[in-house]
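Model, not experiment: these values are computed from the prediction.
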Number of protein chains: 2
Amino acid sequence: MQSFTEENYLKIIYHLAENTNNVQTNAIAEQMQTKPASVTDMIKKLADKGFIDYVKYQGVTMTEKGRNAAIDIVRKHRLWEVFLVDKLNFKWDEVHDVAEELEHIKSTALIERLDEFLGFPKSDPHGDPIPDKNGRFAKTQFTKLIELKIGDSGTITGVSQHSSAFLKHLEKLGLTLGKQIQINDVTDFDGSVEILILDKQINISREVAKHILISSNGKN
Amino acid sequence: MQSFTEENYLKIIYHLAENTNNVQTNAIAEQMQTKPASVTDMIKKLADKGFIDYVKYQGVTMTEKGRNAAIDIVRKHRLWEVFLVDKLNFKWDEVHDVAEELEHIKSTALIERLDEFLGFPKSDPHGDPIPDKNGRFAKTQFTKLIELKIGDSGTITGVSQHSSAFLKHLEKLGLTLGKQIQINDVTDFDGSVEILILDKQINISREVAKHILISSNGKN
DNA sequence: TATTTTTTTTAGATTTACCTAAAAATTTAA
DNA sequence: TTAAATTTTTAGGTAAATCTAAAAAAAATA
């Protein structure tokens, strides 16, 4: 059984490892909002416990054990988010911080019963997949909106930024999960994107377009 | 905002203060499963923060601030217990430890919405009253079963022991909340108590009788 | 390839919540 | 009311997770 801090490190290393092979000390420090020196201490400890492989100056990779531990935390986080939105009527931009605390509650029975209570949801309010109790989940095939070409269309199925500010902004623009969109134009000058949703033409910045995930068509 | 440990101390001091004026170091140590020396350290800290009044060698009493903080934790604990039993189908003997973790989640919005989701329950699965969001709750008028005389009757409305072993035992005997009972006899030799529930005659030990709370009649 | 810059680690402190052992105060009992 | 027992506190230390400052290694650049 790990401490809250260890769990947070594992989760962050897991997410960073989705994009790079060797996860670097500085990257972890930034995510954990702590100093690189503190990270070095902790990754030694996590390596001792067999959660990660660590070579000095080379960064870390997750072991099978570490990955399983991280997936378990991610599962809990996402199930709690569904609970908060579906049952307690939280908005999708209000759930992150609370789920960040709830994910550390240690009880297998609790999480299995919660899963059942929620009807075994496959994805959370932000479109992220929820691992089942064996840690399995569909690797989702998302395209970033920014990568689409003029004329392309698809459905908003996820976001890669969970900050309240970002999500509130999307909400205001009507860009919520499940919405159909089509790329009308891309502005050369600032790279902003003209999109069509429900016959309405709107313009979103590159920064926003980067964090909207689209599934090519008709898919769930 | 207090640490988990501080919250646990506050809760325990609050409960101990229900029975005595000055809560003693040793009593706290026993409840916290720690050493008296550690308690001395912590009560100094809690006194510095204004949660308790502390006079060396004289024990502690709660301040208004401390009481409010403690009641808030108790409220959370009991609401989560209701959630676990009513929504997730936990048994009344399975909820204590999980609620012990959940009570430390810091979010006023969460607990208010949970309260609403549960229908603003007035008592938890063990019959303990749930403070409302202003910290108010009915001071319940319970009598311990052990204090009843032959011929007395009443309704089981609470228990003063939350251990799984005790609650499972009660369940097996059919002694659950809401059951009507009547005292038929008290055995001189071991002080055990003969009681009648639903026309069935059973014998319970003094130890068990001490922890069953009865409301005199018809009351909820 | 040598030098500069960046990244990472080490060394030594700090804070929180604990501990043990011993001293001090209080309470109980002779 | 003194002695014994109990309770509480103090003193000094430990482990976890953090920090700063400085040293070492790796990467980038001239």
Side-chain angles (χ1 to χ4, degrees), chain A residues 1-17 19-62 66 69-70 73 100-101 103-104 106, chain B residues 1-17 19-62 66 69-70 73 100-101 103-104 106:
Chain A
M1 211 88 303
Q2 313 89 250
S3 70
F4 281 25
T5 310
E6 286 173 327
E7 291 192 348
N8 285 331
Y9 270 91
L10 285 176
K11 191 180 56 164
I12 275 167
I13 295 168
Y14 172 76
H15 285 310
L16 289 169
N19 303 315
T20 37
N21 287 8
N22 280 43
V23 179
Q24 286 172 298
T25 304
N26 269 355
I28 299 170
E30 197 191 325
Q31 292 292 312
M32 283 293 299
Q33 309 215 69
T34 185
K35 305 290 163 180
S38 310
V39 173
T40 302
D41 284 348
M42 181 54 89
I43 61 186
K44 279 180 188 169
K45 187 173 160 190
L46 291 173
D48 282 348
K49 294 192 177 186
F51 291 113
I52 55 178
D53 289 321
Y54 166 53
V55 182
K56 255 192 206 176
Y57 293 103
Q58 299 306 125
V60 302
T61 52
M62 299 223 99
I73 300 160
E100 207 71 3
E101 292 190 52
E103 73 189 7
H104 299 295
K106 284 162 191 40
Chain B
M1 208 89 306
Q2 313 90 250
S3 70
F4 281 24
T5 310
E6 287 172 328
E7 291 191 349
N8 285 331
Y9 269 90
L10 285 177
K11 192 181 53 166
I12 275 167
I13 294 169
Y14 172 75
H15 285 309
L16 288 169
N19 303 312
T20 36
N21 286 7
N22 279 43
V23 179
Q24 286 172 300
T25 304
N26 269 356
I28 300 170
E30 197 190 327
Q31 292 292 311
M32 283 295 297
Q33 310 216 67
T34 186
K35 304 291 163 182
S38 309
V39 173
T40 302
D41 283 349
M42 181 55 88
I43 61 185
K44 279 180 188 168
K45 187 172 160 191
L46 291 174
D48 282 349
K49 294 192 177 185
F51 291 113
I52 55 178
D53 289 321
Y54 165 53
V55 183
K56 255 192 208 178
Y57 292 101
Q58 299 307 126
V60 303
T61 52
M62 298 223 99
I73 301 160
E100 207 70 5
E101 292 190 53
E103 73 189 7
H104 299 294
K106 284 162 191 41

Checklist outcome for this item: Rounded to the nearest 0.5 Å, the CG atom of L10(A) sits from the NE2 atom of H15(A) at a distance of 11.0 Å
Checklist entry - Tell me: CG of L46(B) to P of dC18(C), nearest whole Å? => result 11 Å
Next on the checklist: I want to verify a distance call: between dC18(C), dT18(D), dT8(D), whose nearest atom is closest to the S38(B) side chain?
Outcome noted: dC18(C)
Item to check | Whole-Å gap separating P (dT8(D)) and CD1 (I43(B)) | outcome: 8 Å
Checklist entry - Nearest-Å distance, CD1 (I28(A)) to P (dT18(D))? => result 12 Å
Next on the checklist: Between K11(B) and E103(B), is the side chain to side chain contact (heavy atoms under 4.5 Å, CB included) condition met? List the steps.
Outcome noted: CA-CA 11 Å; K11(B) 192 181 53 166; E103(B) 73 189 7; 2.8 Å; yes
Checklist entry - How would you label the contact of F4(A) with the nucleic acid (heavy atoms, under 4.0 Å): base, sugar-phosphate, or nothing? => result nothing
Next on the checklist: F51(B) vs V60(B), test: side chain to side chain contact (heavy atoms under 4.5 Å, CB included). Steps then yes/no.
Outcome noted: CA-CA 10 Å; F51(B) 291 113; V60(B) 303; over 6 Å; no
Checklist entry - So, is Q24(A) close to the dT8(C) phosphate, meaning a side-chain N or O under 4.0 Å from OP1 or OP2? => result yes
Checklist entry - Hey, what's the ring geometry for F4(B) with H104(B), parallel, tilted or perpendicular (30° and 60° as the breaks)? => result parallel
Checklist outcome for this item: Closest to the 5' end of DNA chain D, once Q58(A) and A37(A) are matched to their nearest nucleotides, is A37(A)
Next on the checklist: Please determine whether the number of non-hydrogen atoms from other residues, nucleotides or ligands lying under 6.0 Å from atom CG of N21(A) exceeds 12.
Outcome noted: no
Checklist entry - OP1 or OP2 of dT8(D) sitting under 4.0 Å from any side-chain N/O of N26(B)? => result yes
Item to check | Presence of T25(B) side-chain N/O under 4.0 Å of dT9(D) phosphate oxygens OP1/OP2 | outcome: yes
Item to check | Presence of Y9(B) side-chain N/O under 4.0 Å of dC18(C) phosphate oxygens OP1/OP2 | outcome: yes
Item to check | Y57(B) OH to dT6(D) P, straight-line distance once rounded to whole Å | outcome: 17 Å
Next on the checklist: Rounding to an integer number of Å, can you tell me how far E7(B) CD sits from dT16(C) C1'?
Outcome noted: 15 Å
Checklist entry - Where each residue is assigned the nucleotide of DNA chain D containing its nearest heavy atom, which of K56(A) and V39(B) is assigned the position nearer the 5′ end? => result V39(B)
Next on the checklist: Does a side-chain N or O of K44(A) approach OP1 or OP2 of dT9(C) to a distance below 4.0 Å, or not?
Outcome noted: no
Checklist entry - Could you give the CD-to-P distance, from E30(B) to dT7(D), as a whole number of Å? => result 11 Å
Checklist entry - At under 4.0 Å, does any side-chain N or O of T34(A) touch on OP1 or OP2 of dC19(D)? => result yes
Item to check | Interatomic distance where CE belongs to M42(B) and P belongs to dT9(D) [whole Å] | outcome: 14 Å
Checklist entry - Between K35(B) and dA21(C), does any side-chain N or O lie under 4.0 Å from OP1 or OP2? => result no
Checklist entry - Which part of the nucleic acid does T40(B) contact within heavy-atom distance under 4.0 Å: base, sugar-phosphate only, or nothing? => result base
